[in-house]
Engineer: 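One structure, pasted below without further comment.
Count residues from 1 along the sequence. Numbering of ligands and ligand atoms starts at 1, following listing order.
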Amino acid sequence: MYEKITPPTTGAKIIFKNGEPVVPDNPIIPFIRGDGTGIDIWPATEKVLDAAVAKAYKGTRKISWFKVYAGDEACDLYGIYQYLPQDTITVIKEYGIAIKGPLTTPVGGGIRSLNVALRQIFDLYACVRPCRYYAGTPSPHKNPEKLDVIVYRENTEDIYLGIEWKQGSEIGDRLIKILNEELIPATPEHGKKQIPLDAGIGIKPISKSGSQRLLRRAIKHALTLPRNKQQVTLVHKGNIMKYTEGAFRDWGYELATTEFRNETVTERESWILGNKEKNANISLEENARMIDPGFDSLTPEKKAQIVKEVETVLNDIWATHGNGKWKEKIMVNDRIADSIFQQIQTRPDEYSILATMNLNGDYLSDAAAAIVGGLGMGPGANIGDSCAVFEATHGTAPKHAGLDKINPGSVILSGVMMLEFMGWREAADLVKKGLGDAIANAQVTYDLARMIEPPVEPLKCSEFADVIIKYFS
Ligand SMILES: NC(=O)C1=CN([C@@H]2O[C@H](COP(=O)(O)OP(=O)(O)OC[C@H]3O[C@@H](n4cnc5c(N)ncnc54)[C@H](OP(=O)(O)O)[C@@H]3O)[C@@H](O)[C@H]2O)C=CC1
Ligand SMILES: O=C(O)CCC(=O)C(=O)O
Ligand SMILES: [Mg+2]
């Protein structure tokens with residue numbers, strides 16, 4: 001059935017119904033070990049997850065692991081340049097849920113990212129990366145416990161589509177010529193701009209459908225959070241990239257105020273409603289002045305537009321959201337991308353779900369992981385409607401590969417996300433307890449050990465896994 005691999009002899013497939021996994025007691029779960037430090041962190045992860053499932057369910061539930069290949073290991077087995085064999089794609093499609101270690105992507109030339117390819121092949125459009133603090137984790141920040149965010153990153157488009165042309169290539173040069181001579185002059189807002197003739201060219205597609213399906217999932221997730229975390233922040237650089245990043249913001253607000261009208265309030269709406277609650281007789285114009293600090297210097301047309309916005313909000317949602325009812329809704333706001341990088345450091349507790357396009361989310365998830373202890377503590381999930389692949393935020397960390405040194409925490413916590421996605425909460429909770437107790441007792445790998453004051457002797461990667469298991473009970 002497969003070219004070079006054989007499924008485990010016991011176990012059954014996970015299937016998806018209406019976007020949700022239906023999980024048997026003995027699911028077969030494919031895993032990719034990963035390049036670089038994958039050789040260290042995958043065995044540690046498998047050991048911890050197996051021990052948690054065994055302890056939580058006393059033999060009534062068990063995962064049958066199915067090894068599939070990608071990256072360097074795949075080339076060793078399948079032959080030169082076989083980085084992502086068809087076997088691997090077929091198996092993940094058939095079995096629905098998989099977990100992977102990191103895979104190498106060369107910079108500049110060479111193969112395109114296998115990690116990105118997997119997300120695109122299986123249409124895993126939501127990259128979900130929670131960044132929350134485990135007590136006792138050393139951090140470069142004074143109050144890391146204040147950060148508890150989930151980066152919800154669009155995972156299939158943006159520049160990650162990989163449509164780009166090298167400087168000097170025939171098609172790249174043709175495209176620049178067409179843009180310079182036909183398309184840019186035909187677009188008055190571009191004036192006399194021209195693309196330098198020696199430029200490389202990349203395309204950044206951001207679609208309405210792609211943005212809204214990600215944001216739909218983010219808002220639904222927010223609905224499941226405790227009241228004080230029911231917030232979705234649309235992160236964008238829409239002041240500069242108006243029709244891609246700016247559109248992402250606009251499509252987000254559109255979705256929130258149509259499909260989720262009864263469940264959401266936007267930040268601007270909350271100001272308008274709040275102004276009227278404080279002063280029932282406030283005029284539309286005075287209300288508009290209060291929500292827009294530069295109101296008085298605006299053109300008459302722009303002023304009229306904001307007054308109309310105030311009127312529409314009060315007409316449309318005063319009955320459902322007014323008199324403080326908006327405080328019970330999911331708050332949807334937006335922040336410009338550069339600003340959110342400082343906001344998660346200066347006002348960490350004001351944020352919850354950070355919904356982003358692909359590139360912004362890639363950057364932001366590493367930065368947020370650093371605040372709560374580093375990349376060794378950053379788990380993730382790539383989720384679609386019929387498949388999910390769990391993986392850490394970090395990469396292959398090649399300088400540490402094979403040394404039994406690196407922190408397996410991120411892949412272990414990705415495993416926790418997988419167990420929760422499967423509905424195996426008891427096993428997930430055991431792993432979180434074990435990891436939390438190990439950290440609280442300063443029994444940690446080098447990355448955390450070096451930040452503890454005074455520094456402690458680091459555990460090996462494999463020893464850290466054993467300590468986590470020890471703290472199950
Ligand atoms: N999803 C994936 O598979 C991803 C793959 N990659 C790929 O990985 C390769 C290497 O990328 P690189 O930029 O070096 O980024 P990495 O994330 O692999 O590593 C950068 C640094 O982060 C720290 N780090 C990473 N993982 C851990 C961990 N588990 N525990 C503790 N510290 C950790 C280490 O810092 P220090 O040495 O200071 O301790 C490490 O040197 C590239 O080919 C890249 O494309 C990158 C990201 C994601
Ligand atoms: O695919 C890669 O090599 C890098 C991907 C990455 O950095 C990420 O998904 O966070
Ligand atoms: Mg990244």
Engineer: So do C127 and Y152 actually touch side chain to side chain, heavy atoms under 4.5 Å?
Structural biologist: no
Engineer: Could you tell me, atom by atom, which parts of ligand 1 come under 4.0 Å of a heavy atom of T104?
Structural biologist: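 Matching atoms, with element in brackets: 43 (O).
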Engineer: Within a 6.0 Å radius of atom CZ on R227, are there more than 12 heavy atoms belonging to other residues, nucleotides or ligands?
Structural biologist: yes
Engineer: For atom 48 (C) of ligand 1, find the nearest protein heavy atom and state the residue, atom name and distance (0.1 Å precision).
Structural biologist: H394 O, 3.3 Å
Engineer: Do you see a protein non-hydrogen atom under 4.0 Å from atom 12 (P) of ligand 1?
Structural biologist: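 For atom 12 (P) of ligand 1 the answer is no, since every protein heavy atom stays at 4.0 Å or beyond.
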Engineer: Considering only protein heavy atoms, which is closest to atom 27 (C) of ligand 1, and at what distance to one decimal place?
Structural biologist: I406 CD1, 3.8 Å
Engineer: Using atom types as modelled and distance alone, determine if a side-chain donor or acceptor of Y446 lies under 3.5 Å from a backbone N or O of R450.
Structural biologist: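 Flag not set: sc Y446 to bb R450 has no pair under 3.5 Å.
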Engineer: Does some non-hydrogen atom of the protein lie less than 4.0 angstrom from atom 1 (N) of ligand 1?
Structural biologist: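 At least one protein heavy atom is under 4.0 Å away.
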Engineer: List, ordered by chain and residue number, the protein residues whose closest non-hydrogen atom lies under 4.0 Å from any atom of ligand 2.
Structural biologist: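 Shell around ligand 2 (4.0 Å, heavy atoms): T105, S113, N115, R119, R129, R153, D362, T393.
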Engineer: Do the side chains of D123 and R213 get nearer than 4.5 Å, heavy atoms only?
Structural biologist: yes
Engineer: Should I195 and I184 count as side-chain neighbours, where that means a heavy-atom distance under 4.5 Å?
Structural biologist: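 Yes, side chains in contact.
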Engineer: With a 4.5 Å heavy-atom cut-off, do L49 and E46 have their side chains touching?
Structural biologist: no
Engineer: Mind checking whether T393 has a heavy atom under 4.0 Å from ligand 1?
Structural biologist: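 Under 4.0 Å: yes for T393.
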Engineer: For the pair D334 (side chain) and V235 (backbone), establish whether a donor and an acceptor sit closer than 3.5 Å, ignoring hydrogens and angles.
Structural biologist: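 Not confirmed, D334 side chain does not pair with V235 backbone.
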Engineer: Would you list the protein N, O or S atoms within less than 2.8 Å of the Mg ion (ligand 3), leaving out water?
Structural biologist: D362 OD1
Engineer: Within this structure, what is the CD-CD distance for the pair E457 and Q443, rounded to the nearest 0.5 Å?
Structural biologist: 12.5 Å
Engineer: Counting distance only, does the side-chain N/O of T37 pair as donor-acceptor with the main-chain N or O of D40 below 3.5 Å?
Structural biologist: no
Engineer: State whether the side chain of K67 and the backbone N or O of P7 hold a donor-acceptor pair below 3.5 Å, judged by distance alone.
Structural biologist: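 Checked: no pair found.
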Engineer: If every non-hydrogen atom of A438 is compared with every non-hydrogen atom of V467, which pair is closest and at what distance?
Structural biologist: CB-CG1, 3.7 Å
Engineer: For R450, take its heavy atoms, then give the atoms of ligand 1 lying under 4.0 Å from any of them.
Structural biologist: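 What qualifies from ligand 1 is 36 (P), 38 (O), 39 (O).
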Engineer: Could you tell me which atoms of ligand 1, counted from 1 in the order shown, lie closer than 4.0 angstrom to a heavy atom of P102?
Structural biologist: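 Close to P102: 3 (O).
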Engineer: My question is simple, although I want it checked carefully: is atom 20 (C) of ligand 1 less than 4.0 angstrom from any protein heavy atom?
Structural biologist: no
Engineer: Could you work out, for atom 42 (C) of ligand 1, the closest of I32, T105, D447 by heavy-atom distance?
Structural biologist: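 It is T105 whose heavy atom sits nearest to atom 42 (C) of ligand 1.
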Engineer: Calculate, to the nearest 0.5 Å, the distance between atoms OH and CD1 belonging to Y134 and I439 respectively.
Structural biologist: 7.5 Å
Engineer: Less than 4.0 Å is my threshold; does some heavy atom of K100 fall inside it relative to ligand 1?
Structural biologist: yes
Engineer: Say whether, by atom type as modelled, one donor and one acceptor occur between the side chain of D35 and the main chain of D72 under 3.5 angstrom.
Structural biologist: yes
Engineer: Would you check if F464 and L435 make a side-chain contact, meaning some heavy-atom pair closer than 4.5 Å?
Structural biologist: yes
Engineer: Donor-acceptor pair, distance only, cut-off 3.5 Å: does the side chain of E254 make one with the backbone of W251?
Structural biologist: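 Not a single qualifying donor-acceptor pair exists.
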Engineer: Enumerate the atoms of ligand 1 whose separation from the nearest heavy atom of L375 is less than 4.0 angstrom.
Structural biologist: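 Listed by number with element, the hits are 17 (O), 22 (O), 24 (N), 25 (C).
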Engineer: If we only count N/O pairs under 3.5 Å, is G395 in contact with ligand 1?
Structural biologist: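 Among all N and O atoms of G395, at least one is under 3.5 Å from an N or O of ligand 1.
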Engineer: Please write down residue, atom name and distance for the protein heavy atom closest to atom 34 (C) of ligand 1.
Structural biologist: Y446 OH, 3.9 Å
Engineer: Using the rule given for salt bridge (charged side-chain N to carboxylate O under 4.0 Å, His left out), can you reason through K204 versus E157, listing the C-alpha separation, both sets of side-chain angles and the distance that settles it, and then say yes or no?
Structural biologist: CA-CA 8 Å; K204 177 185 175 72; E157 46 186 48; over 6 Å; no
Engineer: Among all protein non-hydrogen atoms, which one is nearest to atom 40 (C) of ligand 1, and what is the separation to 0.1 Å?
Structural biologist: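 I find the closest protein heavy atom is A397 CB, 4.0 Å.
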Engineer: Going by the atom numbers of ligand 1, which of them fall below 4.0 Å from some non-hydrogen atom of R119?
Structural biologist: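 Every atom of ligand 1 under 4.0 Å from some heavy atom of R119: 1 (N).
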Engineer: Can you find a pair of side-chain heavy atoms, one from I344 and one from I371, that are under 4.5 Å apart?
Structural biologist: yes
Engineer: Hey, which atoms in ligand 1 end up nearer than 4.0 Å to a heavy atom of N407?
Structural biologist: 28 (C), 29 (N), 30 (N), 31 (C)
Engineer: Looking only at non-hydrogen atoms, which of T396, L448, L103, L118 approaches atom 9 (C) of ligand 1 most closely?
Structural biologist: T396
Engineer: Output the list of atoms in ligand 1 that are nearer than 4.0 Å to some heavy atom of K399, sorted by atom number.
Structural biologist: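 With K399 as reference, the close atoms of ligand 1 come out as 37 (O), 41 (O).
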Engineer: With heavy atoms of G376 as the reference, note each atom of ligand 1 found under 4.0 Å away.
Structural biologist: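 Counting atoms of ligand 1 from 1, those under 4.0 Å from G376 are 28 (C), 29 (N), 30 (N), 31 (C).
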Engineer: Is N115 close to ligand 1, meaning an N/O of one under 3.5 Å from an N/O of the other?
Structural biologist: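 Min N/O separation from ligand 1 is below 3.5 Å for N115.
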Engineer: Which heavy atom of the protein is the closest neighbour of atom 14 (O) of ligand 1, given with residue, atom name and distance?
Structural biologist: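 For atom 14 (O) of ligand 1, the nearest protein heavy atom comes out as P398 CD, 4.2 Å.
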Engineer: Is there a donor-acceptor contact under 3.5 Å from the side chain of K146 to the main chain of E350?
Structural biologist: no
Engineer: Side chain of T45, backbone of I41: donor and acceptor closer than 3.5 Å?
Structural biologist: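 Yes.
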Engineer: Can you tell if the side chain of Y78 reaches within under 4.5 Å of the side chain of D87, non-hydrogen atoms only?
Structural biologist: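 Yes - at least one pair of side-chain heavy atoms lies under 4.5 Å apart.
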